[in-house]
Q: 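If you scroll down you'll find the structure; I have some questions about it.
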Amino acid sequence: MSFGSTQAACRALIVRDLTLVWRRRGDALNPVLFALMVLVLFPFALGPEPQVLGRIAAGTILVAVLLAGLLSMDALFRSDLEDGSLEQLVMSPHPLSLLLACKIAVHWLTTALPLVLASPLLGELMNLPGPVRPVLIAVLALSTPLLSLIGAVCVALTVGMRRSGMLLALLVLPLYVPVLIFAAGACNAAANGLPIAAPMLWLGAGLALSVVVAPLACASALKISLS
């Protein structure tokens with residue numbers, strides 16, 4: 001029996017996941033709406049003074065994006081587990097880590113990329129200083145795929161459990177802290193006119209390492225979770 005090439009399997013998986021997202025395209029807007037609602041709460045709590053909002057804008061946007069991404073992580077494998085396709089992926093003759101990397105990439109494209117594209121609007125809403133806005137976009141472009149890769153490993157560990165949302169948050173949030181520190185550090189350095197190369201390089205190095213390691217760890221975690 002011929003199973004086709006790995007490239008064809010990856011292409012078919014990407015097309016399938018994108019088709020499923022298109023059929024539930026309203027769900028893809030949920031992370032952006034959640035981040036927008038979180039940011040709207042800050043002017044009510046702290047007051048509408050532009051100086052106050054501008055001082056905390058980068059940090060609040062990063063936290064809102066982080067939480068929005070965390071809320072969408074639980075759905076990464078949930079529908080595949082329910083319809084049995086996740087077991088088919090595990091039993092596939094193709095490299096499981098490569099197939100999972102495709103799924104993580106589609107998940108980032110459909111949940112995190114809209115947040116990156118919406119970040120100028122979020123910055124305008126929070127009166128983010130002009131010099132920090134391009135840095136925020138660059139930081140989100142590096143940190144959101146890193147968050148997706150880290151979160152996918154934790155989702156794979158908990159996918160077999162019922163009501164795993166709280167456990168997933170407890171596992172993921174400590175791992176997100178270093179990413180948040182470097183991302184906020186780059187924005188704060190830009191706001192103070194300091195070099196941003198060091199935190200950006202750390203984020204880039206973390207992303208490069210995670211692209212290699214996280215799919216392998218995700219595949220191992222998924223096999224353990226489903227065994």
Side-chain angles (χ1 to χ4, degrees), residues 28-73 104-105 107-152 154 169-211 213-214:
L29 293 176
N30 287 343
V32 176
L33 294 177
F34 177 83
L36 187 61
M37 291 176 65
V38 169
L39 293 178
V40 166
L41 295 177
F42 279 89
F44 290 111
L46 301 177
E49 290 81 7
Q51 294 79 11
V52 176
L53 296 178
R55 192 167 59 249
I56 64 170
T60 53
I61 292 172
L62 289 171
V63 171
V65 169
L66 184 150
L67 294 177
L70 177 61
L71 287 179
S72 66
M73 285 307 300
I104 297 169
H107 185 267
W108 178 81
L109 283 171
T110 55
T111 60
L113 184 59
L115 284 168
V116 178
L117 297 177
S119 59
L121 172 64
L122 302 179
E124 185 70 27
L125 181 68
M126 292 296 293
N127 195 35
L128 184 69
V132 187
R133 295 184 185 186
V135 177
L136 177 66
I137 296 173
V139 160
L140 289 176
L142 287 175
S143 59
T144 50
L146 181 53
L147 296 176
S148 294
L149 288 163
I150 294 172
C154 297
L170 292 175
L171 287 174
V172 169
L173 285 177
L175 300 176
Y176 278 4
V177 170
V179 182
L180 180 63
I181 290 173
F182 287 118
C187 293
N188 291 332
N192 294 317
L194 300 174
I196 62 171
M200 296 292 284
L201 288 175
W202 276 109
L203 287 175
L207 177 58
L209 180 64
S210 296
V211 166
V213 174

Q: Which heavy atom of Val172 sits nearest a heavy atom of Cys154, and at what distance?
A: CG2-CB, 3.5 Å

Q: Identify, with sequence neighbours excluded, every residue that meets salt bridge (Lys or Arg N to Asp or Glu O under 4.0 Å) alongside Glu49.
A: none

Q: Does the pair Leu140 and Leu115 meet the rule for a side-chain contact (heavy atoms from CB on, under 4.5 Å), with working shown?
A: CA-CA 8 Å; Leu140 289 176; Leu115 284 168; over 6 Å; no

Q: If you measure from CZ on Phe34 to CG on Leu39, what distance do you get to the nearest 0.5 Å?
A: 10.0 Å

Q: Locate the shortest heavy-atom distance separating Met200 from Ala138; write the atom from each residue and the value.
A: CE-CB, 3.6 Å

Q: About how many Å separate CZ of Arg55 and CG of Asn188, when rounded to the nearest 0.5 Å?
A: 11.5 Å

Q: Roughly how far, to the nearest 0.5 Å, is the CZ atom of Phe182 from the CG atom of Leu62?
A: 14.0 Å

Q: Would you say that Val139 contacts Ile196 through its side chain, given a criterion of any heavy-atom pair below 4.5 Å between the two side chains?
A: no

Q: Can you name the nearest heavy-atom pair linking Pro195 to Ala189, along with the distance?
A: O-CB, 3.6 Å

Q: With side chains defined as the heavy atoms from C-beta onward, is the minimum distance between Leu70 and Leu147 less than 4.5 Å?
A: no

Q: Looking at Leu53, is its backbone amide N or carbonyl O close enough to the side chain of Asn127 to form a donor-acceptor pair, meaning the two atoms are under 3.5 Å apart?
A: no

Q: Rounded to the nearest 0.5 Å, how far apart are CG of Leu67 and CG of Leu173?
A: 7.0 Å

Q: Working to the nearest 0.5 angstrom, can you tell me the gap between Met126 CE and Thr60 OG1?
A: 3.5 Å

Q: Check whether any side-chain heavy atom of Leu29 lies under 4.5 Å from a side-chain heavy atom of Pro114, and answer yes or no.
A: no

Q: With a 4.5 Å cut-off on side-chain heavy atoms, are Leu125 and Val40 touching?
A: yes

Q: What is the distance from atom CG of Leu46 to atom CD1 of Ile56, rounded to the nearest 0.5 Å?
A: 4.5 Å

Q: Under the 3.5 angstrom rule, does the side chain of Arg133 hit a backbone N or O of Leu128 as a donor-acceptor pair?
A: yes

Q: Quick check: closest heavy atoms across Pro31 and Ser72, and the distance to 0.1 Å?
A: CG-CB, 4.2 Å

Q: For Ala186 versus Val135, what's the shortest heavy-atom pair and its separation?
A: O-CG1, 3.8 Å

Q: Write down the atom of Ser210, the atom of Leu146, and the distance for their closest heavy-atom approach.
A: OG-CD1, 3.0 Å

Q: Within the structure provided, determine whether Leu207 and Leu203 are in side-chain contact (heavy-atom separation under 4.5 Å).
A: no

